[in-house]
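Notes to accompany the following structure.
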Amino acid sequence: MKITDIYVSGYGSLKDKKISFSDSVNIIEGVNESGKSTLMAFISFMLYGGSDDIERIRMTDGSCGGTMTLVSKKHGTMKIQRYATVNGKRYSDTAQLFLLPSMQEITPMTTIGEYVLGIGKQFFCETAFVSQRGASEYNPKNVNDSIQNILLSAAESYNTDKALKKLDETRKFFMLKRGRGGVIADLEDKKSELISKAEKNLDNIRLADSIRSDTEELRDTKNRYEELIADIYKEKKARFAKKIKDAESELNSQRLAFEQKKKELSQLCERCNEFSVENTKSRIRELDLKLKYDDAKIIDIENDILRNERISVTDNLTEYSPEVCEKLVSSIYERRKRSKSLKYAAYMTATLSVICLAFALISAIRSDIVFALFGTILTLASVCSCFFSLYAKKKSEGELSDILSKHNYPPTVSISDIRTDFAKKSAERKEEENRLKLISEKKELLRNIKARRAITSEELDSVISKTVGDAYDHKSTTAERAEEYIDAHFIKLENIKNEISVLSERIEKLTAFISSSDNSFDLLTDVDPKYSKYSDTELDTVSGKASAEINLISEKILEKEKKLSVLQTEISSPEEYQTLIKDVEITLDTRREQLNIVKLSEESVKYASENIRSAITPHLLAQGDRLFSAITNERYSGIGFTDDLSPSLANGETVKKRSELSHGTNEAMYLAFRSALLLTLCKNDLPPMMLDESFAHVDDPRTLECIKVLSESGIQSLIFTCNDREKRIMTESDHTFSHILI
């Protein structure tokens, strides 16, 4: 098939552009960004549509298209007309195919490209459509991979070995993953785990029912004990009612006695001014207790101070802060590091002196005076350097020893031991400071208590003096009689107050006892005769045992309820587990079907690969060998492959590996195999071959041979370039071509 002319109404940067092509070689020249790649994309668009190139269509305000005229051996002259629009992300186009010159429209069942060329878009792009290769692809390995793919699967981007490897990895993903069970094994384990959980869930449900039954039995037992305690309470309440009646009569008599004592107390208070005397004596007792308390406190504090002062004080502890520690550690570390370096330097200089001495001796033996003298000088310099290193090492070790002895550390002490010792001594210093501070605080407290005791002593003396004076003025002419009078009446007053206190307490108890009856007299007729033979103590014993049983049963019920609550959080409905197991089974069946599909795919790919290798690969290899031999002027007589399928070339009797070939040779070999693929698979009607900067890395002679081979093979070639190199080569060779400027 040959393209005769195209018309671009609008596509990317091209607008209203008409171009005609010759049947053989066409060199389309244009500077960068002039639209060469856009023209190549337009040809693909006219044949197969442009849904994958929406951005170029958007550049023409969302509408583009044009016409293309071509000649086919099978269909004759045809004209393609296609227009496309883009609305947002939505792409649509209308394509028409006409037979010329009758303009009869043809409606193919496939795409126009498949109808005209007999190949799909992917095959067209991997054979005849050689787009510009990116910078990352310009290395021999990528060329090697492309050639391997062409030979193994008749497609540049598809490798049957890699596909089989990927299918094998997928199969391992299902069956074996990183040496462990794959997805199917995981699903089977998950199914087994769910079945185990469902069985455990049923066991939990049965256990929960058993716990509920036991809890109900315990509640019934607890109710029976509570009824027993209620009956005993009724019996005791009835007995309590009888005691109330006896207490009421006693209360009346106690009240009469209480009133009599109150009158006697009132009379006594009037005679001896009881309140003044009582308050004074109470004040005296209070002050005396304060003095005794302060004396005891003073003794305790003095003993505490004495004990703390007896503890030995470590005056030789210096400041052991982290900064001092780190400074010491850094100093030790630097000197040890310096000693080690100087030691190595001494060893090296000693070795060097031995070598120089040997050199001098050999030179002397050979009567080479200059080299012998030079070796001797070097030997002396090395010896001096060695002694200097040893002296510096000894000095550094002395400084380190002084630092360690200053802090009472042995020479072999480790850094961690120093840090531990510093931390320990810092803690000791802090403990000593806290102890000294505590002693100071104790001494201050002692001074305050002694001052407070002096004030209390003065206050006690004042109260005693005032009391004696008041008693003397009030009752007698002598102090002794006043004191006797006060003491006698005070004793009598105390006895009466005690009696009143006892009566008041008894009255309060009787009153509380009566008020707590809560109308219990009505229960005397409701007493159960079966309890009448038991004493109150026996009833209390039975009630206490029943209460203990109730508490024990309540604890058991609480424990059962907690256990039931925990089980409730773990229990799910059996239907949920059935649903989960069913979902896992469905997923497992799906995975197994996918595994079967993978296995069938492996078999299909292996079968197709073997067919391609037996039916197509020999022809591709022979065609590629022939074309590459022509391109290189038979410099390389045959193309072979190593064990790892890397190409190798025969140059006479010499075989060169791919790694030994130049970049241009690799590129020429790649073009030869692309052309061989086109000639092998499209032998009846060859499509035009479009080359975008495909000769950039090939020298001029081989570029000319490549173009000639394409022309002689009957392929219409469209060579896109940004300079006049190809034009110059073709002009100098007097080869017919068509030159088109964009």
### Task
Check whether the side chains of S572 and N201 place a donor and an acceptor atom closer than 3.5 Å, and report yes or no.
no
### Query
Is it the case that T67 and Q81 place a side-chain donor and acceptor less than 3.5 Å from each other?
no
### Task
Could you note down all residue pairs passing salt bridge (Lys or Arg N to Asp or Glu O under 4.0 Å) where residues 92-108 supplies at least one of them, sequence neighbours left out?
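For residues 92-108: R82-D93.
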### Task
Sequence neighbours left out, what pairs pass salt bridge (Lys or Arg N to Asp or Glu O under 4.0 Å) with at least one residue falling in residues 575-585?
K191-E585
#### Entry: Worked check of side chain to side chain contact (heavy atoms under 4.5 Å, CB included) between V86 and R90
CA-CA 6 Å; V86 174; R90 186 176 179 182; over 6 Å; no
Side-chain atoms of residues 700-720: list all donor-acceptor pairs with protein atoms under 3.5 Å, sequence neighbours left out, distances to 0.1 Å.
unit_1, atom_1, unit_2, atom_2, d
D700, OD1, R725, NE, 2.9
D700, OD1, R725, NH2, 3.0
D700, OD2, R728, NH2, 3.3
R702, NH1, T665, OG1, 2.7
T703, OG1, V698, O, 3.2
T703, OG1, D699, O, 2.7
T703, OG1, R725, NH2, 3.0
S711, OG, S24, OG, 2.8
S713, OG, V709, O, 2.7
Q716, OE1, I3, N, 2.7
Q716, NE2, I3, O, 2.8
Q716, NE2, S22, O, 2.8

A side-chain contact here means heavy atoms from C-beta on lying under 4.5 Å apart; do [X] and [Y] qualify?
X	Y	answer
D5	I19	no
K18	I6	no
V130	M690	no
L99	I106	yes
I80	F98	no
D692	S37	yes
K15	S9	no

Should we say atom [atom1] of [X] is surrounded by more than 12 heavy atoms from elsewhere, each under 6.0 Å from it?
X	atom1	value
E33	CD	no
K337	NZ	no
K2	NZ	yes

Nearest 0.5 angstrom please: [X] [atom1] to [Y] [atom2], how far?
X	Y	atom1	atom2	value
K200	L207	NZ	CG	11.0 Å
T587	D589	OG1	CG	8.5 Å
I119	T111	CD1	OG1	10.0 Å
E726	N723	CD	CG	6.0 Å
I742	L14	CD1	CG	6.5 Å
S44	L39	OG	CG	11.5 Å

### Query
Sequence neighbours excluded, which residues qualify as side chain to side chain donor-acceptor pair (under 3.5 Å) partners of E114?
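None.
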### Task
Could you list the residues that satisfy side chain to side chain donor-acceptor pair (under 3.5 Å) with S102, not counting sequence neighbours?
none
Taking only distance into account, with no hydrogens and no angle test, what donor-acceptor pairs under 3.5 Å do side-chain atoms of residues 729-741 form with protein atoms, sequence neighbours excluded?
unit_1, atom_1, unit_2, atom_2, d
T731, OG1, K727, O, 2.7
S733, OG, I729, O, 3.2
S733, OG, M730, O, 3.0
H739, NE2, E29, OE1, 2.7

For [X], all residues meeting salt bridge (Lys or Arg N to Asp or Glu O under 4.0 Å), sequence neighbours excluded:
X	value
E188	R592
D203	R206
K121	D52
K197	E193

### Task
Could you list the residues that satisfy ring-ring contact (aromatic ring centres under 6.0 Å, His included) with F129, not counting sequence neighbours?
F124
### Query
Is there any ring-ring contact (aromatic ring centres under 6.0 Å, His included) pair reaching into residues 4-38, and which pairs are they, with sequence neighbours excluded?
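Checked against ring-ring contact (aromatic ring centres under 6.0 Å, His included) - neighbours excluded - the pairs reaching residues 4-38 are Y11-F42, Y11-F45.
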Do [X] side-chain atoms and [Y] backbone N/O form a donor-acceptor pair below 3.5 Å?
X	Y	result
Y91	T85	no
T4	T69	yes
S196	S192	no
S694	L691	no

Show the nearest heavy-atom pair for residues [X] and [Y], with the distance to one decimal.
X	Y	answer
A208	I571	CB-CD1, 4.0 Å
K79	L100	CB-CD1, 4.0 Å
Y577	L194	CD2-O, 3.9 Å
P108	I112	CG-CG1, 4.4 Å

### Task
For side chain to side chain contact (heavy atoms under 4.5 Å, CB included), just list the numbers for I43 and M68, CA-CA rounded to whole Å, side-chain angles, deciding distance to a tenth of an Å, and then say yes or no.
CA-CA 8 Å; I43 295 173; M68 182 169 68; 4.2 Å; yes
### Query
Going through the distances and angles, do K36 and E693 end up as a side chain to side chain contact (heavy atoms under 4.5 Å, CB included)?
CA-CA 10 Å; K36 299 187 299 298; E693 300 289 354; 4.1 Å; yes
### Task
Applying side chain to side chain contact (heavy atoms under 4.5 Å, CB included), run through T721 and I28 and close with a yes or a no.
CA-CA 6 Å; T721 179; I28 299 95; over 6 Å; no
